[in-house]
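Accompanying notes for the structure given below.
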Amino acid sequence: MTRGNQSHITEFLLLGLTSDPKQQVWLFASFLVMYLVNVGGNSVIIAAIRGDVRLHTPMYFFLSNLSFVDICFTNVIVPRMLANMQSKSKKVPFIQCLTQMYFFVACAITDSFLLAAMALDRYVAICHPLHYTTTMNPRRCLQLVTASWLVSHLHSLTHTVLMARLSFCGPNIIHHFFCDVQPLLMLSCSDTSVNELLAFTEGSFVIMSPFIFIIVSYVYITRAVLRVPSGRGRYKVFSTCRSHLTVVALYYGTAISVYIRPSSTYSVMKDRVVTVIYTVVIPMLNPFIYSLRNRDMKQALRKLARRKEQNKH
Ligand SMILES: *[C@@H]1O[C@H](CO)[C@@H](O)[C@H](O)[C@H]1NC(C)=O
C-alpha cells in the first residue's frame, strides 16, 4: 500500500478491540445487545415524553434531545464496529473514517452542551423559581438546543477539515474500534502541530466550558438547597437534580480521563476501554438513570405501555 512517499493511504485498517476469535464472538454479542438496548431505551424515552403532556417541560425536552443525540451517537459507532468484527479485511475507506470522526465529535459535544442546558434549567428552577416559566420559555429552549447543535457541528467541521488536509503515508493500522481523532493524528506523516494546538486550545474550551458551567450552576444550586430549612424539603428539591448529576458525572468522568490531556500521554490501547464506556455504555445507561426512581417518567412509561396495549386490541 505504501509505495514511497508520493502514494497516499486511501483506507485504514480498524483492528477493533481484540484479535482473539473467541473474545470476538463474545464482544460481538455484547455490543449487539448494548446497541439494541441503547436504541430501544432511548426511543422509548422520546416516545414517553412526546406522549405525556405533563412532561412537556424544558427539562424533559432537553432529555428527549439528549436521547436523540445518544441514538445518533451509537449509530455512528456501533454498526460500523459490528460490521468490522465480521469482516476479514477490516478496511475502512479514508472518507468513511473522516465522516465517522465528524459525527462522533459532533454528537459528543452536543451531548455536553445539552447537559449544560439541563443544568441551566435546574439552576433557574431552584434558584429563581418565580422567573422559571418566563426564563425557560419554549423559544429560549429551542435557542439553547439549536445553539448546542450549531457549536458542536462547527467545532467538528473545523477539526475534520484540518484532518482532511493531512497526508497519511503509512502505516495505516488503527488499534481502535472507530476513527477517533488522536489515533488518526498519530498516523499522519504531515506536521500536525496546528491540529494539536487547536485541539488543546479551542478543543479544551469547547469541552470544558459546558463542564465549568455545570459546576458553577451546581454550586449555586447546592447553596440554595442548603438554605431550605427541613431535611425532607432539601431532599425533595435535590431529587430533581439527581439523575442529571449522575449522567454528568459519568459523562465527564470518562471524557476527561481520555480527552483532556496532552496527546503525548494518549495510549490507544489503554484508552480504548474507557472509550467503550464513553461511547457505548453511557448513552445506553441514560434512559435507565432517568426512568428508574423518577415518578413522572415512570407514569409516562406506563401511559405509553397502556396505549400500546389498546392499539393491539
Ligand atoms: C428538542 O428540544 C426542542 C426545544 O425544547 C423541542 O421542541 C424538540 O421537540 C426536542 N426534540 C426532540 C427530538 O425531543
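When a ligand or atom number is given, it counts from 1 through the structure's own listing order.
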Results of ring pair (Phe, Tyr, Trp, His ring centres under 6.0 Å) for Tyr251 - residues two or more places apart only: Tyr278

Summary of ring pair (Phe, Tyr, Trp, His ring centres under 6.0 Å) pairs that have at least one residue in residues 32-55, sequence neighbours excluded: none

Test ring pair (Phe, Tyr, Trp, His ring centres under 6.0 Å) applied to Tyr220 and His128, step by step: CA-CA 11 Å; Tyr220 282 103; His128 304 283; 8.6 Å; no

Neighbour count above 12 (heavy atom, 6.0 Å) for Phe94 CZ: yes

What residue and atom, counting heavy atoms only, is the protein's closest point to [atom], and at what distance?
atom	result
atom 9 (O) of ligand 1	Arg50 NH2, 3.9 Å
atom 5 (O) of ligand 1	Phe61 CB, 3.4 Å
atom 3 (C) of ligand 1	Asn65 ND2, 3.5 Å
atom 7 (O) of ligand 1	Leu142 CD1, 4.2 Å

Atoms of ligand 1 close to Val145 [distance to a heavy atom under 4.0 angstrom, numbered from 1]: 2 (O)

Sub-4.0 Å atoms of ligand 1 with respect to non-hydrogen atoms of Cys141: 5 (O)

Option of least heavy-atom distance to atom 14 (O) of ligand 1 (set: Pro138, Ser67, Ser64): Ser64

is_close_aromatic(Phe12, His176), centroid dist under 6.0 Å: no

Parallel, tilted or perpendicular: rings of His153 and Trp149 (30°, 60°): parallel

